[in-house]
Amino acid sequence: MLDKLEAINQRYENVNEELMQPDVMSDLKRYKALNKEYKELGKIVAEYRNYQGVLSNIENAREVIATEKDQDFREMAKAELDELMPEKERLEEVIKDLLLPKDPNDSKDVIMEIRAGAGGDEAAIFAGDLQRMYMRFAEKQGWKMELMDAMEGTAGGYKEIIVAVRGEDVYGKLKFESGVHRVQRVPATETQGRIHTSVASIVVIPEVEEFDVELNMGDIRKDYFCSSGPGGQSVNTTYSAVRLTHLPTGLVAQCQDQKSQLKNFDKALAVLRSRVYDMELAKKNEADGLVRKNMIGGGDRSDKIRTYNYPQGRVTDHRIGYTVYNLASVMEGNVDDFVEQLRIAESAERLQEGVTK
């Protein structure tokens with residue numbers, strides 16, 4: 001493992017030197033790729049250097065124990081060694097996890113799509129609750145969330161809302177949120193006090209750069225229409241809303257959030273590009289024999305990944321059997337426990353794959 005870490009450390013230094021070269025700085029595509037590699041290698045190198053420090057301290061402590069005649073010094077060295085050995089084991093586990101093959105999309109920003117499923121108005125309200133939950137989570141992570149498109153529900157919330165989330169390792173943390181989320185509670189519209197079950201579907205796809213996937217603009221049909229919903233005087237008076245259809249695949253993306261037709265076009269194109277990339281990625285995974293889980297499902301009550309039970313204050317992730325009883329906190333954006341537990345489960349699977357290959 002040390003040889004591999006030293007090779008990574010050397011590559012880290014080489015990439016750092018490359019980034020300083022004028023020809024690299026003038027090539028945006030190459031610069032972005034190298035900068036991304038530099039950041040990813042930096043995480044491993046930082047832990048490697050911590051590990052080197054611990055190994056050096058362990059060696060010094062053992063030397064003191066073996067050669068020092070003063071009993072007090074030997075006892076101090078033994079106490080230090082007792083602290084260093086668990087730290088050495090901890091760092092080894094951290095480094096092993098960092099060395100596991102990673103999803104190359106983990107460092108990308110994402111397009112998150114939240115849609116109301118079964119449950120009528122309550123499903124739309126729940127979709128709005130989920131959007132707020134992820135907005136709070138994004139704020140805590142230091143990420144930025146940008147509205148791409150939305151269709152509001154008649155009683156509040158959203159029939160559909162699409163947002164871009166940008167920051168560090170966004171896809172790596174949010175990709176597990178894809179699937180059908182189920183809520184069990186008494187809706188505000190319920191007069192008999194009965195508990196209803198509603199669902200909302202979430203899709204998280206990596207947001208890609210222009211050089212990640214090339215779109216032929218001749219293959220895209222552009223439709224312009226009047227915006228609907230909140231927006232002031234420009235609503236229903238100017239053709240600022242944009243709908244783009246990718247003719248080869250039939251994929252559609254639209255945006256009406258901005259008053260500017262050009263800005264709406266750019267947002268819709270970003271969503272369309274990511275959807276095309278996601279479709280191509282699914283085909284590649286299938287061709288490679290990889291199993292790709294169905295992210296959105298059918299929006300049916302039985303197709304669920306997580307349940308939010310309000311009467312019991314409980315949130316359960318059914319994929320890993322993980323339950324917490326702090327629903328109010330989770331809905332305020334504290335979903336870190338689920339993100340971490342799902343990440344650990346994924347790491348365990350990757351490690352198992354590495355063992356069986």
Side-chain angles (χ1 to χ4, degrees), residues 102-103 105-117 119 123-150 157-158 160-184 198-208 271 274-275 277-278 281-282 292-301 303-309 314-324 326-347 349:
K102 295 292 189 295
D103 185 335
N105 289 316
D106 278 357
S107 61
K108 293 185 183 293
D109 299 330
V110 308
I111 302 292
M112 175 179 275
E113 306 176 2
I114 305 175
R115 295 181 179 87
I125 292 171
F126 178 51
D129 292 341
L130 289 175
Q131 187 273 333
R132 181 180 179 276
M133 178 182 79
Y134 290 117
M135 182 176 68
R136 293 283 185 268
F137 180 64
E139 290 172 352
K140 295 174 191 296
Q141 298 294 314
W143 299 339
K144 292 183 179 179
M145 180 178 283
E146 179 185 3
L147 178 65
M148 306 296 277
D149 194 38
Y158 300 97
E160 175 182 287
I161 181 168
I162 302 173
V163 297
V165 187
R166 300 186 176 99
E168 185 177 352
D169 295 329
V170 180
Y171 185 73
K173 292 184 177 179
L174 288 181
K175 63 183 177 182
F176 304 115
E177 300 306 299
S178 290
V180 176
H181 296 238
R182 181 177 70 167
V183 64
Q184 295 173 322
S198 304
V199 300
S201 298
I202 294 179
V203 175
V204 177
I205 57 179
E207 185 177 19
V208 296
V271 174
S274 292
R275 287 178 178 170
Y277 177 85
D278 189 57
L281 182 63
R292 184 175 184 273
K293 295 178 180 177
N294 184 11
M295 291 198 305
I296 189 169
D300 187 81
R301 288 180 174 85
D303 185 13
K304 60 186 183 297
I305 64 166
R306 193 174 296 158
T307 294
Y308 304 75
N309 185 295
R314 169 176 59 83
V315 185
T316 297
D317 194 290
H318 305 285
R319 294 164 294 182
I320 54 176
Y322 184 69
T323 297
V324 298
N326 59 346
L327 184 146
S329 177
V330 170
M331 298 310 292
E332 284 298 318
N334 295 310
V335 296
D336 309 68
D337 283 351
F338 289 99
V339 169
E340 180 63 15
Q341 291 299 321
L342 287 161
R343 188 196 65 79
I344 290 171
E346 183 198 39
S347 294
E349 286 183 5

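- Put simply, the side chain of Lys144 does not reach to within 4.5 Å of the side chain of Glu146, judged on heavy atoms.
- Checked for salt-bridge contact, Glu340 and Arg343 meet the test: a charged N lies under 4.0 Å from a carboxylate O.
- For Glu160, the salt bridge (charged side-chain N to carboxylate O under 4.0 Å, His left out) partners at least two apart in sequence or on another chain are Arg115.
- Under a 4.0 Å N-O distance rule, the pair Lys175/Asp106 qualifies as a salt bridge.
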(message) Under the criterion side chain to side chain contact (heavy atoms under 4.5 Å, CB included), I'd like the reasoning laid out for Asp336 against Gln141: C-alpha separation, chi angles, the key distance, then a yes or no.
(response) CA-CA 10 Å; Asp336 309 68; Gln141 298 294 314; 3.5 Å; yes

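- For Asp337, there are no side-chain hydrogen bond (donor to acceptor under 3.5 Å, both in side chains) partners at least two apart in sequence or on another chain.
- Between the Ser274 side chain and the Pro206 main chain, a donor and an acceptor come within less than 3.5 Å of each other.
- For the pair Ile305/Ile202, no side-chain contact is recorded, criterion being any heavy-atom separation below 4.5 Å from C-beta on.
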(message) Between Leu342 and Asp317, does the side chain to side chain contact (heavy atoms under 4.5 Å, CB included) criterion hold? Intermediate values first, please.
(response) CA-CA 9 Å; Leu342 287 161; Asp317 194 290; 3.9 Å; yes

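- Pairing each heavy atom of Gly119 with each of Ser198, the nearest pair is CA-OG, 3.6 Å.
- Distance alone, capped at 3.5 Å, places no donor-acceptor pair between the Asp109 side chain and the Tyr171 backbone.
- Taking each heavy atom of Ala123 and Gly117 in turn, the nearest pair found is CB-O, 3.6 Å.
- Annotation: ring-ring contact (aromatic ring centres under 6.0 Å, His included) contacts of Tyr277 (sequence neighbours excluded): none.
- Counting heavy atoms from C-beta on, the side chains of Met331 and Arg132 never come closer than 4.5 Å.
- Between the CZ atom in Arg319 and the NZ atom in Lys304 there is a gap of 12.5 Å [rounded to 0.5 Å].
- At a threshold of 4.5 Å between non-hydrogen side-chain atoms, the residues Asn326 and Glu332 do not count as touching.
- Rounding to the nearest 0.5 Å gives a distance of 9.5 Å between NE2 of His318 and CZ of Arg306.
- Every residue was checked against the ring-ring contact (aromatic ring centres under 6.0 Å, His included) condition with Phe176, not counting sequence neighbours, and none meets it.
- Expressed to the nearest 0.5 Å, how far CD of Glu113 lies from CZ of Arg275 amounts to 4.0 Å.
- Formation of a donor-acceptor pair under 3.5 Å by the Ser178 side chain with backbone atoms of Val204 is found in this model.
- Tyr308 pairs by the ring-ring contact (aromatic ring centres under 6.0 Å, His included) definition with Phe126, His181, not counting sequence neighbours.
- Counting heavy atoms from C-beta outward, Gln131 and Met145 have side chains that approach closer than 4.5 Å.
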(request) Apply side chain to side chain contact (heavy atoms under 4.5 Å, CB included) to the pair Lys140 and Asn334, showing each step before the final yes or no. (result) CA-CA 8 Å; Lys140 295 174 191 296; Asn334 295 310; 3.3 Å; yes

(request) Run the numbers on Trp143 and Lys173 for side chain to side chain contact (heavy atoms under 4.5 Å, CB included), then give the verdict. (result) CA-CA 12 Å; Trp143 299 339; Lys173 292 184 177 179; 3.8 Å; yes

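- Atoms CG and CD1, on Leu174 and Ile111 in that order, are 12.0 Å from each other to the nearest 0.5 Å.
- In this view, Tyr134 satisfies the ring-ring contact (aromatic ring centres under 6.0 Å, His included) rule with no residue, not counting sequence neighbours.
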